[in-house]
Trainee: 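Shown below is the structure under consideration.
In listed order, ligands and their atoms are each counted from 1. None of the values given here were measured: they were computed from a predicted structure.
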Amino acid sequence: MSHAHAPVSADVIVVGGTGDLAMRKLLPALHHRDRAGQLADDSRIVAVSRAGLDHDGYRDKVSAELRDVAEDWSDDPSSRDHRFLRRLHHVALDVTDPQDWGDLVELLGPPDHRIRVLYLACAPRLFGPVSVGARRNGLVDDRSRVVLEKPLGHDLSSARQINDEVGEVFTEDQIFRIDHYLGKETVQNLLVLRFANSLFEPLWNAIGIDHVQISVAESVGAGSRADYYDGSGALRDMVQNHLLQLLCLVAMEPPARLDRDAVRDEKLKVLRALAPITGEDAHRHTVRGQYGPGLVDGAPVAGYRTELEQARPGAVGSPAPPSSTETFVALRTEVHNWRWAGVPFYLRTGKRMDRRASEIVVQFRPVPHSVFPQLDHGASAPPNRLVLRLQPDEGVRLHLAAKHPGPGGIRLHPAALDLSFADTFAQRLPDAYERLLMDVLRGNPTLFMRRDEIEAAWSWVEPILDSWRGSPRSPRPYPAGTSGPAAATALIERDGRTWHGDGDD
Ligand code: BG6
(Lines give C-alpha, C1' and ligand atoms only; values in the text may rest on other atoms or scores of the structure.)
Protein backbone atom coordinates (compact mmCIF):
# COMPACT_ATOMS: atom_id res chain seq x y z
CA MET A 1 0.00 0.00 0.00
CA SER A 2 1.21 3.48 -0.79
CA HIS A 3 1.68 4.76 2.78
CA ALA A 4 4.10 1.88 3.47
CA HIS A 5 6.66 3.37 1.05
CA ALA A 6 9.45 5.67 2.15
CA PRO A 7 9.28 9.23 0.77
CA VAL A 8 11.09 9.61 -2.53
CA SER A 9 13.93 12.00 -3.29
CA ALA A 10 13.51 13.13 -6.88
CA ASP A 11 13.94 15.93 -9.35
CA VAL A 12 10.89 15.92 -11.60
CA ILE A 13 11.56 17.96 -14.74
CA VAL A 14 8.30 18.69 -16.54
CA VAL A 15 8.85 19.71 -20.15
CA GLY A 16 5.66 21.60 -21.02
CA GLY A 17 5.45 22.73 -17.40
CA THR A 18 2.99 25.56 -18.06
CA GLY A 19 0.75 23.51 -20.35
CA ASP A 20 -2.76 22.27 -19.75
CA LEU A 21 -1.76 18.76 -18.64
CA ALA A 22 0.81 20.03 -16.17
CA MET A 23 -1.58 22.56 -14.67
CA ARG A 24 -4.72 20.41 -14.59
CA LYS A 25 -3.25 17.00 -13.76
CA LEU A 26 0.46 16.71 -12.97
CA LEU A 27 0.90 19.48 -10.41
CA PRO A 28 -2.34 18.74 -8.53
CA ALA A 29 -1.30 15.07 -8.45
CA LEU A 30 2.18 15.84 -7.12
CA HIS A 31 0.66 18.24 -4.61
CA HIS A 32 -1.67 15.52 -3.28
CA ARG A 33 1.19 13.04 -2.98
CA ASP A 34 3.29 15.65 -1.23
CA ARG A 35 0.49 16.31 1.24
CA ALA A 36 0.45 12.56 1.87
CA GLY A 37 4.14 12.74 2.80
CA GLN A 38 5.43 10.80 -0.20
CA LEU A 39 7.99 13.32 -1.48
CA ALA A 40 11.18 13.67 0.53
CA ASP A 41 12.18 17.12 1.77
CA ASP A 42 14.79 17.59 -0.93
CA SER A 43 12.53 16.69 -3.90
CA ARG A 44 12.15 19.41 -6.53
CA ILE A 45 9.78 20.00 -9.43
CA VAL A 46 11.34 21.91 -12.30
CA ALA A 47 8.99 23.20 -14.99
CA VAL A 48 10.52 23.84 -18.38
CA SER A 49 8.68 25.99 -20.90
CA ARG A 50 9.22 28.96 -23.17
CA ALA A 51 7.17 31.24 -20.91
CA GLY A 52 9.12 34.19 -19.53
CA LEU A 53 8.50 33.31 -15.89
CA ASP A 54 10.87 33.34 -12.94
CA HIS A 55 10.51 30.87 -10.05
CA ASP A 56 8.18 33.14 -8.09
CA GLY A 57 6.06 33.89 -11.15
CA TYR A 58 5.62 30.17 -11.70
CA ARG A 59 4.80 29.53 -8.03
CA ASP A 60 2.11 32.24 -8.21
CA LYS A 61 0.66 30.68 -11.33
CA VAL A 62 0.53 27.20 -9.77
CA SER A 63 -0.84 28.38 -6.44
CA ALA A 64 -3.66 30.19 -8.28
CA GLU A 65 -4.57 26.87 -9.93
CA LEU A 66 -4.23 24.72 -6.80
CA ARG A 67 -6.20 27.13 -4.65
CA ASP A 68 -9.18 26.38 -6.92
CA VAL A 69 -8.92 22.59 -6.82
CA ALA A 70 -7.23 21.61 -3.55
CA GLU A 71 -9.43 21.22 -0.49
CA ASP A 72 -8.45 23.33 2.53
CA TRP A 73 -5.63 25.17 0.80
CA SER A 74 -3.56 26.90 3.47
CA ASP A 75 -1.85 30.28 3.10
CA ASP A 76 0.27 29.69 6.17
CA PRO A 77 3.92 29.80 4.98
CA SER A 78 4.75 26.86 7.27
CA SER A 79 2.00 24.67 5.75
CA ARG A 80 2.60 21.66 3.52
CA ASP A 81 0.94 23.62 0.71
CA HIS A 82 3.61 26.30 0.89
CA ARG A 83 6.33 23.74 1.24
CA PHE A 84 5.04 22.31 -2.05
CA LEU A 85 5.24 25.73 -3.73
CA ARG A 86 8.86 26.07 -2.56
CA ARG A 87 9.68 22.85 -4.41
CA LEU A 88 8.69 24.50 -7.70
CA HIS A 89 11.15 26.08 -10.11
CA HIS A 90 10.76 27.36 -13.64
CA VAL A 91 13.37 27.44 -16.37
CA ALA A 92 12.61 29.26 -19.64
CA LEU A 93 14.18 27.12 -22.31
CA ASP A 94 13.84 26.30 -25.98
CA VAL A 95 14.37 22.54 -25.79
CA THR A 96 15.11 22.36 -29.50
CA ASP A 97 18.16 24.63 -29.13
CA PRO A 98 21.14 22.63 -27.84
CA GLN A 99 22.83 25.88 -26.66
CA ASP A 100 19.90 26.83 -24.47
CA TRP A 101 20.14 24.20 -21.71
CA GLY A 102 22.65 26.02 -19.47
CA ASP A 103 20.17 27.39 -16.92
CA LEU A 104 18.56 24.00 -16.41
CA VAL A 105 21.91 22.27 -15.99
CA GLU A 106 23.01 24.91 -13.49
CA LEU A 107 19.79 24.67 -11.49
CA LEU A 108 19.89 20.88 -11.26
CA GLY A 109 23.60 20.69 -10.41
CA PRO A 110 25.62 17.51 -10.74
CA PRO A 111 23.77 14.18 -10.38
CA ASP A 112 23.21 13.24 -6.75
CA HIS A 113 21.06 10.77 -4.80
CA ARG A 114 17.85 12.23 -6.27
CA ILE A 115 16.15 10.23 -9.02
CA ARG A 116 15.92 12.38 -12.11
CA VAL A 117 12.61 12.12 -13.97
CA LEU A 118 12.13 13.81 -17.32
CA TYR A 119 8.37 14.15 -17.85
CA LEU A 120 7.66 14.97 -21.51
CA ALA A 121 4.29 16.70 -21.53
CA CYS A 122 5.08 18.27 -24.89
CA ALA A 123 4.50 17.53 -28.59
CA PRO A 124 5.61 13.95 -29.45
CA ARG A 125 7.88 15.24 -32.23
CA LEU A 126 10.01 16.66 -29.41
CA PHE A 127 10.36 13.38 -27.47
CA GLY A 128 13.48 12.33 -29.41
CA PRO A 129 15.20 15.75 -29.53
CA VAL A 130 14.55 16.47 -25.83
CA SER A 131 15.91 13.07 -24.81
CA VAL A 132 19.04 13.66 -26.89
CA GLY A 133 19.39 17.23 -25.51
CA ALA A 134 19.11 15.93 -21.94
CA ARG A 135 21.83 13.37 -22.52
CA ARG A 136 24.17 15.83 -24.28
CA ASN A 137 23.85 18.14 -21.33
CA GLY A 138 24.72 15.42 -18.84
CA LEU A 139 21.24 15.16 -17.34
CA VAL A 140 20.78 11.44 -17.95
CA ASP A 141 22.37 8.65 -15.98
CA ASP A 142 21.51 4.99 -15.35
CA ARG A 143 18.96 5.90 -12.71
CA SER A 144 17.13 8.56 -14.78
CA ARG A 145 13.64 7.94 -16.11
CA VAL A 146 11.64 9.46 -18.92
CA VAL A 147 7.84 9.66 -19.06
CA LEU A 148 6.15 9.89 -22.46
CA GLU A 149 2.64 11.25 -22.71
CA LYS A 150 0.32 10.16 -25.48
CA PRO A 151 -0.08 10.38 -28.40
CA LEU A 152 2.87 8.15 -29.08
CA GLY A 153 2.87 8.68 -32.81
CA HIS A 154 -0.05 8.72 -35.21
CA ASP A 155 0.61 5.35 -36.82
CA LEU A 156 2.95 2.39 -36.51
CA SER A 157 5.91 3.93 -38.28
CA SER A 158 5.82 7.23 -36.37
CA ALA A 159 5.47 5.30 -33.09
CA ARG A 160 8.49 3.20 -34.05
CA GLN A 161 10.47 6.29 -34.91
CA ILE A 162 9.74 7.88 -31.52
CA ASN A 163 10.57 4.63 -29.75
CA ASP A 164 13.84 4.39 -31.69
CA GLU A 165 14.85 7.97 -30.95
CA VAL A 166 14.06 7.81 -27.24
CA GLY A 167 15.56 4.31 -27.12
CA GLU A 168 18.92 5.77 -28.25
CA VAL A 169 19.10 7.60 -24.94
CA PHE A 170 17.11 5.54 -22.43
CA THR A 171 16.87 1.79 -21.93
CA GLU A 172 13.39 0.24 -22.10
CA ASP A 173 13.37 -0.04 -18.27
CA GLN A 174 13.84 3.71 -18.00
CA ILE A 175 10.95 4.58 -20.37
CA PHE A 176 7.48 5.05 -18.88
CA ARG A 177 4.78 5.40 -21.57
CA ILE A 178 1.70 6.66 -19.80
CA ASP A 179 -1.87 5.56 -20.42
CA HIS A 180 -3.73 7.30 -17.63
CA TYR A 181 -6.62 4.82 -17.86
CA LEU A 182 -4.36 2.23 -16.23
CA GLY A 183 -4.05 4.48 -13.19
CA LYS A 184 -7.81 4.71 -12.66
CA GLU A 185 -9.04 3.03 -9.49
CA THR A 186 -11.73 0.89 -11.12
CA VAL A 187 -9.32 -0.29 -13.78
CA GLN A 188 -6.98 -1.66 -11.14
CA ASN A 189 -10.00 -3.02 -9.35
CA LEU A 190 -10.72 -5.09 -12.40
CA LEU A 191 -7.47 -6.95 -11.72
CA VAL A 192 -8.44 -7.39 -8.07
CA LEU A 193 -11.95 -8.51 -8.95
CA ARG A 194 -10.63 -11.11 -11.36
CA PHE A 195 -7.58 -12.36 -9.52
CA ALA A 196 -8.36 -11.90 -5.80
CA ASN A 197 -11.82 -13.49 -5.93
CA SER A 198 -12.46 -17.07 -6.87
CA LEU A 199 -16.01 -16.34 -7.94
CA PHE A 200 -15.57 -15.02 -11.47
CA GLU A 201 -12.52 -16.67 -12.99
CA PRO A 202 -14.10 -20.13 -13.59
CA LEU A 203 -16.77 -18.44 -15.70
CA TRP A 204 -14.44 -15.93 -17.34
CA ASN A 205 -14.31 -17.54 -20.77
CA ALA A 206 -16.36 -18.44 -23.84
CA ILE A 207 -18.36 -21.01 -21.87
CA GLY A 208 -19.55 -18.54 -19.25
CA ILE A 209 -19.52 -15.22 -21.09
CA ASP A 210 -21.72 -14.22 -24.01
CA HIS A 211 -19.99 -10.94 -24.88
CA VAL A 212 -18.14 -7.93 -23.47
CA GLN A 213 -18.84 -4.23 -24.01
CA ILE A 214 -16.36 -1.45 -23.33
CA SER A 215 -17.81 2.05 -23.58
CA VAL A 216 -16.19 5.38 -22.90
CA ALA A 217 -18.73 8.11 -23.54
CA GLU A 218 -17.88 11.75 -22.99
CA SER A 219 -20.35 14.62 -22.95
CA VAL A 220 -17.62 17.18 -23.71
CA GLY A 221 -16.73 18.03 -27.29
CA ALA A 222 -13.35 18.60 -28.87
CA GLY A 223 -13.72 22.31 -28.00
CA SER A 224 -10.50 24.31 -27.97
CA ARG A 225 -8.52 21.12 -28.73
CA ALA A 226 -10.36 20.65 -32.02
CA ASP A 227 -7.40 21.74 -34.10
CA TYR A 228 -5.13 19.13 -32.51
CA TYR A 229 -7.93 16.56 -32.38
CA ASP A 230 -8.61 16.88 -36.08
CA GLY A 231 -5.28 15.23 -36.85
CA SER A 232 -6.15 12.37 -34.53
CA GLY A 233 -9.80 11.28 -34.21
CA ALA A 234 -11.47 8.88 -31.80
CA LEU A 235 -9.74 5.71 -33.01
CA ARG A 236 -6.25 7.11 -32.40
CA ASP A 237 -7.18 9.28 -29.42
CA MET A 238 -9.10 6.69 -27.39
CA VAL A 239 -9.27 3.21 -28.94
CA GLN A 240 -5.61 2.60 -29.82
CA ASN A 241 -4.67 3.20 -26.20
CA HIS A 242 -7.33 3.44 -23.50
CA LEU A 243 -9.98 1.07 -24.85
CA LEU A 244 -7.50 -1.56 -26.04
CA GLN A 245 -5.77 -1.47 -22.67
CA LEU A 246 -9.11 -2.07 -20.94
CA LEU A 247 -9.82 -4.92 -23.34
CA CYS A 248 -6.43 -6.43 -22.47
CA LEU A 249 -7.15 -6.36 -18.75
CA VAL A 250 -10.52 -8.05 -19.28
CA ALA A 251 -9.20 -10.70 -21.64
CA MET A 252 -5.68 -11.50 -20.43
CA GLU A 253 -4.66 -14.72 -18.72
CA PRO A 254 -3.84 -14.49 -15.01
CA PRO A 255 -0.21 -13.34 -14.80
CA ALA A 256 2.10 -15.50 -12.69
CA ARG A 257 2.99 -12.45 -10.60
CA LEU A 258 1.94 -8.84 -10.46
CA ASP A 259 5.20 -7.64 -11.87
CA ARG A 260 6.37 -5.49 -14.75
CA ASP A 261 6.89 -8.19 -17.31
CA ALA A 262 4.38 -10.85 -16.26
CA VAL A 263 1.44 -8.43 -16.61
CA ARG A 264 2.67 -6.81 -19.81
CA ASP A 265 3.49 -10.16 -21.44
CA GLU A 266 -0.11 -11.27 -20.89
CA LYS A 267 -1.53 -8.03 -22.30
CA LEU A 268 0.69 -8.33 -25.33
CA LYS A 269 -0.64 -11.82 -26.05
CA VAL A 270 -4.17 -10.41 -26.13
CA LEU A 271 -3.21 -7.63 -28.54
CA ARG A 272 -1.58 -10.16 -30.81
CA ALA A 273 -4.67 -12.40 -30.69
CA LEU A 274 -7.12 -9.65 -31.71
CA ALA A 275 -9.02 -10.49 -34.87
CA PRO A 276 -7.70 -8.17 -37.57
CA ILE A 277 -10.19 -5.76 -39.12
CA THR A 278 -9.04 -5.11 -42.65
CA GLY A 279 -10.43 -3.96 -46.00
CA GLU A 280 -14.18 -4.37 -46.43
CA ASP A 281 -14.43 -5.87 -42.91
CA ALA A 282 -13.81 -2.40 -41.56
CA HIS A 283 -17.14 -1.32 -43.04
CA ARG A 284 -18.94 -4.25 -41.53
CA HIS A 285 -17.31 -4.20 -38.09
CA THR A 286 -16.72 -0.51 -37.44
CA VAL A 287 -18.90 2.60 -37.38
CA ARG A 288 -17.45 6.07 -37.29
CA GLY A 289 -19.41 9.20 -36.58
CA GLN A 290 -19.01 12.94 -36.23
CA TYR A 291 -21.24 15.17 -34.09
CA GLY A 292 -23.25 18.01 -35.47
CA PRO A 293 -24.98 20.70 -33.43
CA GLY A 294 -27.34 19.52 -30.72
CA LEU A 295 -28.43 19.85 -27.13
CA VAL A 296 -26.28 18.85 -24.16
CA ASP A 297 -27.92 19.13 -20.73
CA GLY A 298 -30.66 21.18 -22.34
CA ALA A 299 -28.27 23.79 -23.78
CA PRO A 300 -27.53 24.15 -27.49
CA VAL A 301 -23.95 23.31 -28.50
CA ALA A 302 -22.07 23.69 -31.77
CA GLY A 303 -21.15 20.83 -34.07
CA TYR A 304 -17.60 19.55 -34.48
CA ARG A 305 -16.91 21.40 -37.70
CA THR A 306 -17.90 24.72 -36.18
CA GLU A 307 -15.68 24.04 -33.16
CA LEU A 308 -12.85 23.23 -35.51
CA GLU A 309 -13.37 26.46 -37.39
CA GLN A 310 -13.28 28.40 -34.12
CA ALA A 311 -10.24 26.57 -32.79
CA ARG A 312 -8.09 27.14 -35.86
CA PRO A 313 -5.97 30.20 -35.28
CA GLY A 314 -6.99 33.06 -37.54
CA ALA A 315 -9.68 31.01 -39.22
CA VAL A 316 -12.72 32.64 -37.62
CA GLY A 317 -15.29 33.52 -40.23
CA SER A 318 -13.99 31.18 -42.90
CA PRO A 319 -16.27 28.37 -44.09
CA ALA A 320 -16.35 25.23 -41.92
CA PRO A 321 -13.67 22.86 -43.24
CA PRO A 322 -15.06 19.55 -44.49
CA SER A 323 -13.23 17.51 -41.89
CA SER A 324 -13.75 13.76 -42.04
CA THR A 325 -12.24 13.15 -38.59
CA GLU A 326 -14.34 10.79 -36.49
CA THR A 327 -15.48 11.93 -33.04
CA PHE A 328 -17.21 8.59 -32.42
CA VAL A 329 -16.29 5.01 -33.12
CA ALA A 330 -17.97 1.71 -32.40
CA LEU A 331 -16.49 -1.62 -33.40
CA ARG A 332 -16.81 -5.33 -32.97
CA THR A 333 -13.82 -7.58 -32.57
CA GLU A 334 -12.88 -10.97 -31.15
CA VAL A 335 -9.89 -12.39 -29.33
CA HIS A 336 -8.72 -15.38 -31.30
CA ASN A 337 -7.57 -17.74 -28.61
CA TRP A 338 -8.85 -20.77 -26.71
CA ARG A 339 -10.43 -18.83 -23.84
CA TRP A 340 -12.39 -16.36 -25.94
CA ALA A 341 -13.25 -18.22 -29.14
CA GLY A 342 -16.45 -16.76 -30.61
CA VAL A 343 -17.02 -14.13 -27.88
CA PRO A 344 -17.55 -10.67 -29.38
CA PHE A 345 -15.97 -7.62 -27.76
CA TYR A 346 -17.87 -4.44 -28.62
CA LEU A 347 -15.99 -1.17 -28.16
CA ARG A 348 -17.59 2.25 -28.31
CA THR A 349 -16.36 5.76 -27.58
CA GLY A 350 -17.48 9.22 -28.55
CA LYS A 351 -17.47 12.88 -27.72
CA ARG A 352 -20.61 14.96 -27.20
CA MET A 353 -22.64 11.93 -26.19
CA ASP A 354 -25.79 12.15 -24.08
CA ARG A 355 -23.85 11.52 -20.85
CA ARG A 356 -20.40 10.93 -19.43
CA ALA A 357 -20.16 7.26 -18.64
CA SER A 358 -17.29 4.83 -18.92
CA GLU A 359 -17.93 1.21 -18.19
CA ILE A 360 -16.96 -2.35 -18.89
CA VAL A 361 -19.92 -4.70 -19.20
CA VAL A 362 -19.45 -8.45 -18.98
CA GLN A 363 -22.56 -10.26 -20.10
CA PHE A 364 -22.78 -13.86 -18.88
CA ARG A 365 -24.64 -16.55 -20.74
CA PRO A 366 -28.25 -17.37 -19.78
CA VAL A 367 -29.06 -20.42 -17.68
CA PRO A 368 -29.32 -23.47 -19.95
CA HIS A 369 -32.88 -24.24 -18.90
CA SER A 370 -35.30 -22.01 -17.01
CA VAL A 371 -37.53 -23.65 -14.41
CA PHE A 372 -39.19 -20.40 -13.40
CA PRO A 373 -42.08 -18.55 -14.90
CA GLN A 374 -41.35 -15.35 -16.67
CA LEU A 375 -40.64 -11.91 -15.24
CA ASP A 376 -43.38 -9.58 -14.05
CA HIS A 377 -43.68 -8.11 -17.52
CA GLY A 378 -43.58 -11.40 -19.34
CA ALA A 379 -39.89 -11.54 -20.42
CA SER A 380 -37.61 -14.35 -19.30
CA ALA A 381 -34.94 -13.61 -16.68
CA PRO A 382 -32.08 -11.62 -18.18
CA PRO A 383 -28.71 -13.32 -17.84
CA ASN A 384 -26.24 -12.08 -15.22
CA ARG A 385 -24.29 -9.02 -16.11
CA LEU A 386 -21.28 -7.52 -14.36
CA VAL A 387 -20.82 -3.79 -14.84
CA LEU A 388 -17.61 -2.07 -13.83
CA ARG A 389 -18.20 1.61 -13.70
CA LEU A 390 -15.00 3.56 -14.37
CA GLN A 391 -16.54 7.00 -14.08
CA PRO A 392 -18.48 8.77 -12.79
CA ASP A 393 -19.70 7.02 -9.59
CA GLU A 394 -16.96 4.38 -9.62
CA GLY A 395 -18.17 0.96 -8.60
CA VAL A 396 -19.16 -2.55 -9.52
CA ARG A 397 -22.70 -3.77 -10.07
CA LEU A 398 -23.73 -7.39 -10.51
CA HIS A 399 -27.14 -7.85 -12.12
CA LEU A 400 -29.02 -10.92 -10.87
CA ALA A 401 -32.48 -12.41 -11.03
CA ALA A 402 -34.34 -12.28 -7.68
CA LYS A 403 -37.72 -13.43 -6.48
CA HIS A 404 -40.42 -10.84 -6.37
CA PRO A 405 -41.77 -10.83 -2.78
CA GLY A 406 -45.19 -12.28 -2.21
CA PRO A 407 -47.13 -15.51 -1.93
CA GLY A 408 -48.53 -17.37 -4.84
CA GLY A 409 -45.75 -18.83 -6.93
CA ILE A 410 -42.33 -17.50 -7.86
CA ARG A 411 -42.10 -14.43 -9.95
CA LEU A 412 -38.65 -13.32 -11.09
CA HIS A 413 -37.48 -9.75 -10.82
CA PRO A 414 -34.16 -8.24 -12.00
CA ALA A 415 -32.09 -6.92 -9.09
CA ALA A 416 -28.50 -5.79 -8.57
CA LEU A 417 -25.72 -6.10 -6.01
CA ASP A 418 -24.08 -2.72 -5.88
CA LEU A 419 -20.59 -1.88 -4.72
CA SER A 420 -20.19 1.89 -4.72
CA PHE A 421 -16.59 2.87 -4.03
CA ALA A 422 -17.66 6.22 -2.61
CA ASP A 423 -19.93 4.53 -0.03
CA THR A 424 -17.63 1.61 0.76
CA PHE A 425 -14.40 3.55 1.07
CA ALA A 426 -15.25 6.87 2.63
CA GLN A 427 -12.22 8.64 1.26
CA ARG A 428 -11.16 10.71 -1.71
CA LEU A 429 -10.39 8.53 -4.73
CA PRO A 430 -6.96 9.54 -5.98
CA ASP A 431 -6.63 10.72 -9.55
CA ALA A 432 -4.97 8.29 -11.97
CA TYR A 433 -1.92 10.56 -12.28
CA GLU A 434 -1.19 10.37 -8.55
CA ARG A 435 -0.77 6.63 -8.74
CA LEU A 436 1.17 6.69 -11.99
CA LEU A 437 3.55 9.49 -11.00
CA MET A 438 4.45 7.65 -7.79
CA ASP A 439 5.00 4.46 -9.79
CA VAL A 440 7.48 6.39 -11.96
CA LEU A 441 9.28 7.80 -8.92
CA ARG A 442 9.45 4.35 -7.36
CA GLY A 443 10.55 2.73 -10.61
CA ASN A 444 7.57 0.44 -11.13
CA PRO A 445 6.59 0.24 -14.84
CA THR A 446 3.88 -2.46 -14.49
CA LEU A 447 1.08 -0.03 -15.34
CA PHE A 448 2.95 1.57 -18.24
CA MET A 449 3.00 0.44 -21.84
CA ARG A 450 5.99 -1.42 -23.13
CA ARG A 451 7.30 -0.71 -26.60
CA ASP A 452 6.02 -4.00 -28.02
CA GLU A 453 2.53 -3.35 -26.63
CA ILE A 454 2.29 0.10 -28.20
CA GLU A 455 3.48 -1.23 -31.53
CA ALA A 456 1.09 -4.20 -31.42
CA ALA A 457 -1.80 -1.83 -30.74
CA TRP A 458 -0.82 0.36 -33.70
CA SER A 459 -0.47 -2.72 -35.92
CA TRP A 460 -4.06 -3.65 -35.13
CA VAL A 461 -5.47 -0.14 -35.55
CA GLU A 462 -3.62 0.79 -38.73
CA PRO A 463 -5.59 -1.39 -41.21
CA ILE A 464 -8.81 0.20 -39.94
CA LEU A 465 -7.39 3.67 -40.58
CA ASP A 466 -6.19 2.56 -44.02
CA SER A 467 -9.55 1.17 -44.91
CA TRP A 468 -11.37 4.33 -43.80
CA ARG A 469 -8.90 6.47 -45.71
CA GLY A 470 -9.51 4.53 -48.91
CA SER A 471 -13.27 4.76 -48.54
CA PRO A 472 -15.50 7.35 -50.22
CA ARG A 473 -17.81 7.18 -47.16
CA SER A 474 -17.64 9.94 -44.54
CA PRO A 475 -18.24 9.55 -40.82
CA ARG A 476 -21.95 9.33 -40.06
CA PRO A 477 -23.37 12.50 -38.55
CA TYR A 478 -25.01 12.36 -35.13
CA PRO A 479 -26.54 15.22 -33.16
CA ALA A 480 -24.53 16.31 -30.10
CA GLY A 481 -26.15 15.01 -26.91
CA THR A 482 -27.21 11.64 -28.31
CA SER A 483 -25.81 8.12 -28.12
CA GLY A 484 -24.12 8.33 -31.53
CA PRO A 485 -25.12 7.25 -35.03
CA ALA A 486 -27.93 4.73 -35.47
CA ALA A 487 -25.49 2.47 -37.31
CA ALA A 488 -23.71 1.80 -33.99
CA THR A 489 -26.94 0.44 -32.58
CA ALA A 490 -27.37 -1.65 -35.71
CA LEU A 491 -23.80 -2.99 -35.34
CA ILE A 492 -24.64 -4.75 -32.08
CA GLU A 493 -28.30 -5.47 -32.85
CA ARG A 494 -27.22 -7.42 -35.90
CA ASP A 495 -25.86 -9.96 -33.40
CA GLY A 496 -29.12 -9.93 -31.40
CA ARG A 497 -27.64 -7.80 -28.60
CA THR A 498 -28.01 -4.24 -27.30
CA TRP A 499 -25.68 -1.66 -25.79
CA HIS A 500 -25.88 -1.59 -22.03
CA GLY A 501 -27.54 1.61 -20.89
CA ASP A 502 -29.56 2.07 -24.06
CA GLY A 503 -32.82 1.64 -22.21
CA ASP A 504 -32.14 -1.89 -20.94
CA ASP A 505 -31.19 -1.18 -17.35
C1 BG6 B 1 -7.38 11.64 -23.33
C2 BG6 B 1 -7.94 12.02 -24.67
O3 BG6 B 1 -6.36 10.69 -23.47
O4 BG6 B 1 -8.42 11.08 -22.54
C5 BG6 B 1 -9.07 13.01 -24.51
O6 BG6 B 1 -6.90 12.61 -25.45
C7 BG6 B 1 -10.13 12.46 -23.59
O8 BG6 B 1 -9.66 13.32 -25.78
C9 BG6 B 1 -9.49 11.98 -22.28
O10 BG6 B 1 -11.08 13.47 -23.33
C11 BG6 B 1 -10.50 11.25 -21.42
O12 BG6 B 1 -9.93 11.01 -20.16
P13 BG6 B 1 -10.85 10.83 -18.88
O14 BG6 B 1 -9.89 10.47 -17.80
O15 BG6 B 1 -11.52 12.16 -18.66
O16 BG6 B 1 -11.83 9.77 -19.20
Side-chain angles (χ1 to χ4, degrees), residues 16 19-26 28-29 32 69 119-124 127 147-154 159 176-190 214-247 249 288-291 296 301 304 307-308 311 323 325-329 347-360 388-395 421 428-437 447-449 453-454 457-458 461 475 480 484 501:
D20 188 55
L21 180 79
M23 289 296 155
R24 270 191 325 107
K25 293 288 182 185
L26 305 182
H32 272 299
V69 292
Y119 197 116
L120 303 187
C122 55
F127 290 174
V147 186
L148 308 182
E149 262 296 336
K150 68 178 272 278
L152 218 111
H154 58 273
F176 290 70
R177 299 176 190 83
I178 258 195
D179 184 319
H180 76 280
Y181 267 58
L182 295 180
K184 288 185 189 274
E185 284 293 323
T186 327
V187 176
Q188 290 160 50
N189 242 304
L190 170 59
I214 300 176
S215 283
V216 178
E218 298 183 276
S219 52
V220 293
S224 57
R225 287 172 77 224
D227 196 22
Y228 151 77
Y229 187 86
D230 203 54
S232 170
L235 192 69
R236 290 186 175 96
D237 188 49
M238 297 295 288
V239 177
Q240 187 272 343
N241 34 68
H242 307 324
L243 275 83
L244 285 187
Q245 286 293 319
L246 297 179
L247 186 155
L249 296 181
R288 53 186 171 137
Q290 188 187 74
Y291 61 85
V296 171
V301 296
Y304 174 71
E307 286 184 348
L308 180 58
S323 164
T325 297
E326 80 288 355
T327 59
F328 172 97
V329 58
L347 274 47
R348 173 172 72 157
T349 183
K351 294 206 182 285
R352 279 287 188 236
M353 310 281 288
D354 44 359
R355 60 197 172 131
R356 175 173 183 250
S358 300
E359 56 198 13
I360 299 172
L388 287 111
R389 181 89 162 180
L390 269 49
Q391 59 198 25
D393 311 325
E394 291 88 338
F421 291 175
R428 184 186 72 89
L429 290 183
D431 184 74
Y433 277 94
E434 294 179 45
R435 163 70 197 250
L436 295 174
L437 275 161
L447 293 178
F448 294 79
M449 288 178 293
E453 274 183 86
I454 291 261
W458 276 120
V461 156

Trainee: Are Val216 and His242 side-chain neighbours, meaning at least one heavy-atom pair lies under 4.5 Å?
Mentor: no
Trainee: Arg236 side chain to His154 main-chain N or O, any donor-acceptor pair under 3.5 Å?
Mentor: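 A pair under 3.5 Å: yes.
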Trainee: Does the side chain of Lys184 reach to within under 4.5 Å of the side chain of Glu394, using non-hydrogen atoms?
Mentor: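 Answer no - side chains too far apart.
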Trainee: My understanding is that only residues two or more places apart in sequence, or in another chain, count here; which of them pass side chain to side chain donor-acceptor pair (under 3.5 Å) with Gln240?
Mentor: none
Trainee: Using the side-chain contact (heavy atoms from CB on, under 4.5 Å) rule, pick out the option among Arg348, Arg352, Lys351 that qualifies with Phe328.
Mentor: Arg348
Trainee: Given 3.5 Å as the limit, does a donor-acceptor pair link the side chain of Glu185 with the main chain of Phe421, or not?
Mentor: no
Trainee: What residues sit with at least one heavy atom under 4.0 Å from ligand 1?
Mentor: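 For ligand 1, the contacting residues are Lys150, His180, Tyr181, Lys184, Glu218, Arg225, Asp237, Met238, His242, Lys351, Gln391.
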